[in-house]
There are 2 protein chains.
Amino acid sequence: MASPSAADDDPGRGPDTHAGWLRAVAEEVRSFDRSSTAERVAELLRHRVIEGDLPPGHRLSEEQLVDVLHVSRNTLREAFRLLTHEGLLVHRLHRGVFVPELDEDDLVDLYRLRRTIECDVVRRLHGLDPVRLRPLHDDVAAGEDAARRGDWVAAGTANMRFHQHLVALAGSRRIDETAARLLAELRLAFHSVGAPQRLHEPYVGRNRALLDLLVAGETDRAAKELEDYLHDSEAELLAAFRDRSRRTP
Amino acid sequence: MASPSAADDDPGRGPDTHAGWLRAVAEEVRSFDRSSTAERVAELLRHRVIEGDLPPGHRLSEEQLVDVLHVSRNTLREAFRLLTHEGLLVHRLHRGVFVPELDEDDLVDLYRLRRTIECDVVRRLHGLDPVRLRPLHDDVAAGEDAARRGDWVAAGTANMRFHQHLVALAGSRRIDETAARLLAELRLAFHSVGAPQRLHEPYVGRNRALLDLLVAGETDRAAKELEDYLHDSEAELLAAFRDRSRRTP
DNA sequence: CCTTGTCGGATCGTTCAACAACTCTCTATC
DNA sequence: GATAGAGAGTTGTTGAACGATCCGACAAGG
């Protein structure tokens with residue numbers, strides 16, 4: 001997993017004789033290094049939100065979290081900013097940060113962008129080295145395994161990873177980041193709806209079918225199938241969402 | 001002062017009879033509200049960066065900006081976070097924030113995402129109300145006007161607005177936001193290259209042509225044209241970039 | 001009874017000052 | 001000439017403080 005963050009090295013001055021060797025170490029150290037307190041706090045909260053431990057609408061109290069996490073308010077607020085820009089928290093001026101409550105419009109919007117990105121990525125695949133499908137195979141297998149066990153939360157996780165890896169085939173850092181934000185928000189939506197089996201069961205098999213098309217190099221058919229897939233998934237999610245809204249108005 | 005002008009009725013449930021009316025007001029108040037100090041500072045810096053007043057690679061000193069802007073370091077840092085997540089600044093731990101220096105890989109990456117979004121938006125347009133093309137007409141006209149005057153910076157601005165409005169036809173908040181980030185970063189790239197005439201002149205006419213196709217409802221042909229358009233633009237930008245790199249190594 | 005104005009507690013927005021941690025540069029040393 | 005280390009300068013983080021704003025409750029008025 002190379003992270004080609006631009007413009008890091010200074011090939012200009014200095015005695016960079018054994019550069020190649022050091023470069024690798026420096027890279028590794030840096031990625032280890034890259035843990036400001038705020039980012040570690042953000043990582044922790046991100047996990048909580050994505051896993052659904054914090055219910056939608058819940059307010060994250062600064063005072064409370066400062067006590068629990070043993071960081072200063074300023075640092076905590078920086079973590080909040082990070083997550084806010086990932087769409088995992090919403091910030092209301094003078095009121096604090098909350099776990100977002102997505103509405104139907106948000107779901108439609110999320111799927112709109114999702115279709116745009118995922119379908120386009122698949123459509124543009126050609127001359128793909130089959131080795132790069134390896135992570136997708138693993139994810140599909142993980143999903144099937146989870147389904148056999150009846151662990152639909154794990155199936156959902158595998159599904160998310162499948163789609164993240166699918167998008168990664170484009171080899172674009174910015175597409176990956178956009179998709180990551182998107183899928184994280186979507187995960188929020190799944191949690192607010194519940195009913196993981198209903199939402200995930202149909203797509204264990206469809207992921208397999210999609211992957212088969214990719215293996216066969218049938219990118220156009222794969223894109224078409226993915227389009228239908230995502231429409232169906234959206235419809236299912238909206239229906240489940242409405243069911244839930246009816247129960248708890 | 002509340003005189004409910006007839007128009008809006010919500011023939012549904014509950015006591016929310018003039019819901020639509022209130023909704024609009026709430027929206028307006030909220031957007032008015034949205035003025036924390038950090039965001040105002042961010043807006044100021046954003047303008048500076050986008051307009052190219054700060055050269056790529058320049059470090060924004062906290063101490064210095066605190067003095068100039070008369071805000072606290074914490075507030076300034078929050079503004080930095082905002083811009084960092086828009087891609088307009090990069091943050092290196094313990095070293096500060098810098099105006100990004102995009103390299104060729106970044107340009108390729110930006111255009112990759114750009115093609116994905118813009119072409120897909122156009123491809124999915126159908127049954128479009130011609131009224132919604134109004135902003136695009138204005139932008140094309142502004143571009144043509146700037147070109148006549150030889151003001152290629154203004155032409156570039158008009159071009160950016162054209163593409164932002166183009167993407168807005170999808171009617172998706174998240175697509176708009178993604179495109180905004182994208183175009184802001186691209187703008188950075190244009191500045192680091194210079195040569196605005198070379199980069200913008202050809203697309204004044206092509207924007208007009210593209211718009212004509214949209215007016216005619218020929219979305220497929222428009223998408224195809226846009227695809228070529230963006231490929232050409234990318235190639236031109238890369239070539240200009242290499243020319244410049246050769247001059248200043 | 002419902003609306004409107006007022007008050008106090010709680011929380012957020014922002015500032016400030018201080019110290020710790022880190023990077024960069026320059027110098028002394030081998 | 002390369003290396004190690006000291007010092008200066010900058011960022012990272014903390015904790016406390018004060019004003020601004022939100023929220024719920026309660027009283028005054030129609």
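All heavy atoms count here, side chains included; hydrogens, waters and symmetry mates do not. Chain letters run A, B, ... following the sequence lines, proteins first, then strands; residues in each count from 1.
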May I have the distance from A:H94 (atom NE2) to C:dT11 (atom C1'), rounded to whole angstrom?
11 Å
With a cut-off of less than 4.0 Å, is there a side-chain N or O of A:R95 near OP1 or OP2 of C:dG13?
no
B:F98 CZ to D:dT10 C1', straight-line distance once rounded to whole Å
10 Å
Output all residues satisfying side chain to side chain donor-acceptor pair (under 3.5 Å) with A:D176, sequence neighbours left out; order by chain, then residue number.
none
Among residues at least two apart in sequence or on other chains, which ones pass side chain to side chain donor-acceptor pair (under 3.5 Å) with A:R92?
none
ring-ring contact (aromatic ring centres under 6.0 Å, His included) involving A:F80 - partner list, sequence neighbours excluded:
none
Quiz: residues 49-60 of chain B side-chain donor-acceptor pairs under 3.5 angstrom, not counting sequence neighbours:
unit_1	atom_1	unit_2	atom_2	d
B:D53	OD2	B:R48	NH1	3.1

Which of residues 61-84 of chain A sit near DNA chain D, with a heavy atom under 4.0 Å from it?
A:H70, A:V71, A:S72, A:R73, A:N74, A:T75
Please state whether the phosphate of D:dG12, meaning OP1 or OP2, lies under 4.0 angstrom from any side-chain nitrogen or oxygen of B:H91.
yes
Output the rounded distance in Å from CZ (A:R92) to P (C:dC12).
13 Å
Atom CZ of B:R40 and atom C1' of C:dT14: how far apart are they, to the nearest Å?
11 Å
Kindly indicate whether the side chain of B:R114, heavy atoms from C-beta on, has any atom under 4.5 Å from the side chain of B:E234.
no
According to ring pair (Phe, Tyr, Trp, His ring centres under 6.0 Å), does anything in residues 159-199 of chain B pair up with another residue at least two apart or in another chain? List the pairs.
B:H163-B:Y229, B:F190-B:H200
